[in-house]
Amino acid sequence: MNASPEPSFRQSVDMMFTRAVALLDLPPGLEEKIRVCNATYTVRFGVRLRGQIQTFTGYRSVHSEHMEPVKGGIRYSLGVNQDEVEALAALMTYKCALVEAPFGGSKGGLCIDPRQYEEHELERITRRFAYELAKRDLINPSQNVPAPDMGTGEREMAWIADQYRRMNTTDINSQACVTGKPLNAGGIQGRVEATGRGVQYALQEFFRHPEDIAAANMTGTLDGKRVIVQGLGNVGYHAAQFLSTENGSIITGIIEHDGALVNPKGMNVDAVRAHILETHGVKGCSEGEYIANGPSVLENECDILIPAALEGVINLKNAGNVKAPLIIEAANGPITAGGDEILRKKGTVIIPDMYANAGGVTVSYFEWVKNLSHIRFGRMQRRQEEARHLLLVEELRRISSESGHATELSGDFISKYLHGAGELELVRSGLEDTMRSAYQAMREVWHGRDDVNDLRVAAYLVSIGRVASSYRAKGL
Ligand code: NAD
C-alpha cells in the first residue's frame with residue numbers, strides 16, 4: 001500500500017502535467033507559463049433570502065488566455081473551492097486544445113447546495129453571481145464564456161444570458177456570452193446530451209482499433225459489455241442511456257450519492273433516472289439490488305467503468321481493487337495522480353477526462369458560433385440539399401424505367417437519402433468528427449512514441465504542444 005498522502009485535485013492535475021511535459025522539449029519559461037493559472041477571482045456577495053441576508057462565495061478562474069474567449073463551466077456545489085476551480089480551469093485549457101475548440105481555459109463555481117433553495121431563490125442568487133462576474137468581463141462573448149457543469153443546467157444558463165443582456169443592452173452578440181442555454185433562449189440542439197454523447201463516440205472510436213482493445217485485454221465490441229456508471233446526472237445518464245439503447249451494452253451498476261444499484265442482467269436507465277428525479281436517490285428502485293455503500297461498487301467486476309460524478313473517487317485507497325480493464329473519465333479528475341499510477345501499473349486503460357468529456361465544450365463551441373452568426377445550422381442548405389437528392393432519385397428512376405429492367409429503389413433508402421440534415425444531425429456529425437479526430441491524435445502519440453505508455457500522457461502531449469505553438473506564434 002502506498003503511504004504517500006493523496007494530493008489535492010489541483011496538485012493531481014499538476015503532477016500529470018509534469019509527467020507529460022518532461023517528455024517535451026519546451027523552454028522552461030514557456031513550460032511554467034502554460035502550467036500556471038493566470039488569475040482567480042473570488043467574490044463574496046449577499047442576497048436577501050427568507051428575511052435575512054445570506055452571503056455566498058463564488059470563483060471564476062482563468063487558466064490560459066492563449067486564445068480568447070476563455071471557456072469553462074460554472075459549478076454549484078458545496079465542495080467548490082479555489083483549488084478545485086483552478087484544477088478544472090487547467091483541464092479546460094488542455095481539453096479545448098485537444099478537440100481544437102478555439103478557446104483558452106476557465107472555470108467557475110459557487111459554493112452552494114442548490115437542492116436547499118427554491119427556484120426563485122436560485123434565480124436571484126444566479127443573477128447576482130452573474131452580475132458580479134459580468135461587470136468584470138468574466139462573462140463576455142469575446143472574453144469569457146461559461147457553460148453548465150455539476151449542479152447547473154439550461155435554466156441557470158438562461159438566467160445568466162438574460163442578466164448579461166440587461167447589463168449590455170446594445171451588444172448584438174449578447175447571447176454568445178454563455179452556452180448550454182435552452183433552445184428558445186439561443187441554445188443549440190444536442191447540447192444537453194453532448195457530453196454523454198461524446199463519451200459514447202469516444203468508446204465507439206476506441207472499439208474501432210483492435211490494438212487499443214487488446215491493450216485493455218479485451219475483445220469484441222461495445223455490444224454485451226458490462227458497464228458501471230457513477231453519477232446518473234446529465235453526463236452519466238446520457239452516456240449510459242446511449243450505450244445501452246444504441247450499442248447493446250449492459251448497465252450492471254449505477255452509483256449515486258445515496259448508494260448504488262446492481263443488476264448483472266442490466267438495468268433500464270430511463271427507469272432509474274425517473275426514480276432519481278422522483279425520490280432524489282436510487283434507494284427503493286426496483287431495477288437493481290440496492291447497495292448502501294455506493295463507492296464499493298466501483299470495485300465490482302465489469303468491462304467498462306464510467307465515473308461521471310465527482311473528482312478523486314478513484315484514489316490511493318481503492319485503485320488497487322478496481323477490476324474494470326477500461327475506465328473512461330466522464331467526470332473531471334475522477335482518478336487522482338496516485339490512483340492513476342496504481343491503475344497504470346495494473347495495465348488498466350484509462351480514457352482521460354480532457355478527451356472523454358470534451359463533447360460538452362465541443363457542442364458549446366458550435367452554440368457560440370451559432371449565436372455569433374445569428375442563424376441556425378442547416379437553415380440555408382437543408383432544402384437545397386433535399387432538392388438535389390430528389391433530382392438524383394428521379395434520374396435513377398427514369399434510367400431504370402427506360403432501360404426496360406425497372407427496379408424500384410427501396411422506400412427506406414429514399415426517405416433516408418432525401419432527408420436533408422437539420423441542426424441536431426449536423427451537431428452530432430460535428431461532434432462525432434471531433435471525438436474521432438481527437439482520439440486519433442492521441443493514439444498516434446500513444447502508439448508512436450516509445451516513451452509514452454498511456455492515453456493521458458498522450459493527450460497532454462497533444463494539448464501542451466498545441467498551446468505552446470499558439471504562445472510561440474503570438475510571440476510571448
Ligand atoms: P450533474 O449535476 O448533472 O450530475 C451529477 C450526478 O452525480 C448527480 O446525479 C448526483 O446526484 C451524482 N452524485 C453526486 N455526488 C455523488 C457521489 N458522491 N457519488 C455518486 N454520485 C454522486 O453533473 P454533470 O453535469 O453530469 O457533471 C458530472 C461530471 O461531468 C463533473 O465532473 C463535471 O465537471 C463533468 N462534466 C460535465 C459537463 C456537462 O456538460 N455537464 C461537461 C464536461 C464535464
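Both counts, for ligands and for their atoms, begin at 1 and track the order of listing. All heavy atoms count here, side chains included; hydrogens, waters and symmetry mates do not. Residue indices begin at 1 and follow the sequence shown.
Below 3.5 Å of separation, one finds no N or O of Lys95 facing any N or O of ligand 1. Taking distance alone, with nitrogen or oxygen atoms compared against 3.5 Å, Asn332 approaches ligand 1 more closely than that limit. By the 3.5 Å distance cut-off applied to N or O atoms, Thr195 is counted among the residues near ligand 1. Between Ala331 and ligand 1, no pair of N/O atoms sits closer than 3.5 Å. In terms of polar-atom proximity, Leu310 is not counted as a contact of ligand 1, lacking any N or O under 3.5 Å from an N or O of the ligand. Looking at ligand 1, you won't find any N or O of Arg115 less than 3.5 Å from one of its N or O atoms.
Ala308 O, 3.3 Å is the protein heavy atom nearest to atom 28 (C) of ligand 1. In terms of protein heavy atoms, atom 36 (N) of ligand 1 is closest to Asp149 OD1, 3.8 Å.
Not a single heavy atom of Glu311 sits closer than 4.0 Å to an atom of ligand 1. Between His280 and ligand 1 there is no heavy-atom distance shorter than 4.0 Å. Ligand 1 is never approached by Gly294 to a heavy-atom distance shorter than 4.0 Å.
Neither the backbone nor the side chain of Ala147 has any atom closer than 4.0 Å to an atom of ligand 1 (non-hydrogen atoms only).
For atom 8 (C) of ligand 1, the nearest non-hydrogen atom from the set Glu256, Arg273, His257, Glu329 belongs to Glu256. Residue nearest to atom 44 (C) of ligand 1, selected from Val313, Ile254, Asn357: Asn357 (by heavy-atom distance). When the heavy-atom distances from atom 27 (O) of ligand 1 to Met150, Arg191, Gln230 are ranked, the shortest goes to Met150.
Ring planes of Tyr439 and His209: parallel class, angle under 30° (limits at 30 and 60°).
In terms of modelled atom types and a separation under 3.5 Å, the side chain of Glu367 and the main chain of Gly180 share a donor-acceptor contact. Here the side chain of Lys323 pairs a donor or acceptor atom with the backbone of Glu299 at under 3.5 angstrom.
Looking only at atom types and distance, the side chain of Ser364 has a donor-acceptor partner in the side chain of Thr179 under 3.5 Å away. There is a side-chain donor-acceptor pair under 3.5 Å between Tyr76 and Thr126.
Between Tyr131 and Phe45, the distance from one ring center to the other does not fall under 6.0 angstrom.
Residues Met16 and Ile335 share a closest heavy-atom pair of CE-O, 3.6 Å.
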